[in-house]
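Let me begin by presenting the structure, written as structure tokens, before commenting on it.
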There are 2 protein chains.
Amino acid sequence: MSDIGIKELARIAGVSTASVSRALSNPERVSKKMRDRVQAAAKRVGYQPNRLGASLRTSRSGNIVAIIPDISDTFNSGVIQSLERAAAERGYSVLFGDTQGIRERELVYGAMVRSRQADGIIVFSHRLPFTAEELQSENFKLPPLVNSCELADSPHIDTSNLPWVSIDNVQAGRDAVTHLIELGHQNIAVITGDIESPSTVQRLEGYRLALSAAGIAYREENVYQGAYTLEAGVRITKQVLLAKHRPSAIFCMSDEMAMGCVATLKEHGFGVPEDMSVVGFDDIRFAQYLSPPLTTIAQPVEAIGRTCANILIDLIEDIAEPESKHILPHKLVVRSSATTPR
Amino acid sequence: MSDIGIKELARIAGVSTASVSRALSNPERVSKKMRDRVQAAAKRVGYQPNRLGASLRTSRSGNIVAIIPDISDTFNSGVIQSLERAAAERGYSVLFGDTQGIRERELVYGAMVRSRQADGIIVFSHRLPFTAEELQSENFKLPPLVNSCELADSPHIDTSNLPWVSIDNVQAGRDAVTHLIELGHQNIAVITGDIESPSTVQRLEGYRLALSAAGIAYREENVYQGAYTLEAGVRITKQVLLAKHRPSAIFCMSDEMAMGCVATLKEHGFGVPEDMSVVGFDDIRFAQYLSPPLTTIAQPVEAIGRTCANILIDLIEDIAEPESKHILPHKLVVRSSATTPR
DNA sequence: TTGAAAGCGCTAACAG
DNA sequence: CTGTTAGCGCTTTCAA
């Protein structure tokens, strides 16, 4: 049970190291007798292959890195949870990089593929984790990479052609706002996520479309630029309450923002939904337990994580087209935070 | 900028591979001239050392694995966030293992040190990620490991001697309950976390001590066995409401449980805190934005993660005593979910 | 201070 | 089907 290498095990089993390697990694390419013999010996002495040796030889680390701006965001942590599980099922481990949006840290994680610590990257941030210099360089080749639709365009590369997985954010934004319109709201504010994020831009487009389809004029002053955080929800909601033509409903582009929004409304004496309707986005675990339970757009968190992992691994293992796009279904979940305006 | 190895770089710089290695990894052991020359060449061609080669040679992967039952738990994700950051500052990456409490997955992650994919382990689960067989084996040596005070005793090893970092859970539990007693509560229910978890056992002990110090009889039926999840909070709270001698206050051993508890109370028409006081534990990000804002015990999330990382790395790099214990400070945060009973 | 060379543990040609 | 052997890219003696 002490630390034994392949040589030692080969000696013990009375076979060559090549046979040990084969019997353990490609059992089908070896006789049953050999297989049993080696596997028995391996088990007996508690042989655990050194993956570093194998990785060096094969140039495959078996790791993928997930670049995430903020793991403590509830939506993100749900995605990474399913991502990790799906990766594990295919024999990959995930190195995770919480960047807090810091460019330097993004670059560090982006470099992990080049330094062979990882075989591919899943990007949940807005920027590619490579320097402009790298991107412009002729012999720079993008490593296997999938983006979860938060990746903005880059001046140096057409990010829209990279593999991605996402919901239909335009339609989802439209669904949320249409719901409010159907309840009778005409004056609807929206608090956006980070404005560089494609998901925000798309959801905002959905907001526009919903308004326009209902013949309601789009008014610039109803669009509040925020960020996908609870704190932003708190901060911006105060601004909304200050508005000259105060809206009767607020569409928040994340549930965390909606939490902050609702808390702030209550703090200022506004009942939700009696005085102000609120619709969120994500359907995080907590949404149904808030008071009031949050009406929101549900994202298929589990599927997003799983799909990201699987596409990336397909890419790494060369069994996927390099431009796979996956649109996953979303769903409006009606609870109690939005109602007919008074 | 294409992929260049150390040999090629050595050739380009006109020096030996040994010098390249030294100039890059131990610049102080090389002349200034050599250093500049190599570093310039490395920069020019965009040399990125292959960590696999280095790792194989040095038997150091530069990774640590964090074994976590549930990353989407808000408290856990906060800890892992700071853990990752602290690890990164010391040049380590974190592989994370979300086990969902599944034994098999724990073992997979536990094996990563033996297979050299990682240099040490941080354990947030109840069990050591090793089989009984392994633990009993004579020449089994525990890898560098720190536990965040969730590790239960093992029949095969004295886990209490392993390095750990934690708050003083006994005192924290006592503080929470004392607060309720000082408000005037006499009949206080407690909803526990997973009963195998030392943190739960300790907090329960604190509950006992607080009662006893106030001369209040400890009553078995006021102790509800739960789990640190929102769903458990929901489920158990219903049981509490069914109690013959209904308590006037509930101490929940996590904020997520408290969220579920408060939601359930409201759903059944109980005002919080008018009809029922609730105290939580953790002070997760959301606690202050719930309605009512949650009175809770704040854990130093950032410090816990950072300390775990630093102790583990000290252990790996042989610069720490193997039995370091760290008690971090907690704090009662009084908000609005607990008040004087009617 | 620098270079030559061995070797970390494994896999994959290649030969038998 | 199995064994021999070279070598993945790096670090680290050892000698100069």
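These numbers were taken from a predicted model, which means no experiment stands behind them. Within every chain, numbering begins at 1; the chains are lettered A, B, ... in the order of the sequence lines, protein sequences first and strands thereafter.
- With ring centers used as reference points, F140(A) lies under 6.0 Å from F130(A).
- Taking only side-chain nitrogens and oxygens, S19(A) comes nearer than 4.0 Å to OP1 or OP2 of dG3(D).
- Look at T17(A) and you won't find any side-chain N or O under 4.0 angstrom from OP1 or OP2 of dG3(D).
- At a threshold of 4.0 angstrom between heavy atoms, the contacts of I6(B) include nucleobase atoms, whether or not backbone atoms are also involved.
- Nearest-nucleotide mapping onto DNA chain C: of L56(B) and R22(B), the residue sitting toward the 5' end is R22(B).
- The nearest whole Å value for the distance from the CZ atom in R114(A) to the P atom in dG9(D) is 13 Å.
- R57(B) has its CZ atom 11 Å from the C1' atom of dA5(C), to the nearest Å.
- Distance, E28(B) CD to dT1(C) P: 11 Å, rounded to whole Å.
- Using a 4.0 Å heavy-atom distance criterion, A54(A) is classed as a sugar-phosphate-only contact.
- The only option from L83(A), T99(A), D73(A) that meets the side chain to side chain contact (heavy atoms under 4.5 Å, CB included) definition with F124(A) turns out to be L83(A).
- Comparing T58(B) and S21(A) along DNA chain C, the residue whose closest nucleotide (by nearest heavy atom) sits nearer the 5' end is T58(B).
- Side-chain atoms of S31(B) lie closest to dT2(C) of the nucleotides dT2(C), dC10(D), dT2(D).
- Distance, E8(A) CD to dC10(C) C1': 16 Å, rounded to whole Å.
- Residue-level contact check: V15(B) touches the backbone only, with heavy atoms under 4.0 Å from sugar-phosphate atoms and none from bases.
- Distances shorter than 4.0 Å separate some side-chain N or O of S25(B) from OP1 or OP2 on dT11(D).
- Annotation: side chain to side chain contact (heavy atoms under 4.5 Å, CB included) contacts of D318(B) (sequence neighbours excluded): none.
- Nucleic acid contact for R51(A): none, since no nucleic acid atom lies under 4.0 Å from a heavy atom of the residue.
- K43(B) is linked by a salt bridge (charged side-chain N to carboxylate O under 4.0 Å, His left out) to nothing, counting only residues two or more places apart in sequence or in another chain.
- Atom C1' of nucleotide dG9(C) and atom NZ of K7(A) are separated by 8 Å, given to the nearest angstrom.
- Across the protein-nucleic acid pair, I4(A) atom CD1 and dC10(C) atom C1' stand 16 Å apart, rounded to whole Å.
- The distance from atom OG1 of T159(B) to atom NE2 of H126(B), rounded to the nearest 0.5 Å, is 12.5 Å.
- Summarising the geometry, the separation between CZ on R11(A) and C1' on dT2(D) is reported as 19 Å, rounded to the nearest angstrom.
- Counting only heavy atoms from C-beta on, A18(B) has its side chain closest to dA5(C) among dG9(D), dT4(D), dA5(C).
- Between R37(A) atom CZ and dC1(D) atom C1' there is a gap of 13 Å when expressed in whole angstrom units.
- Residue Y47(A) places no side-chain N or O under 4.0 Å from the OP1 or OP2 atom of dG9(C).
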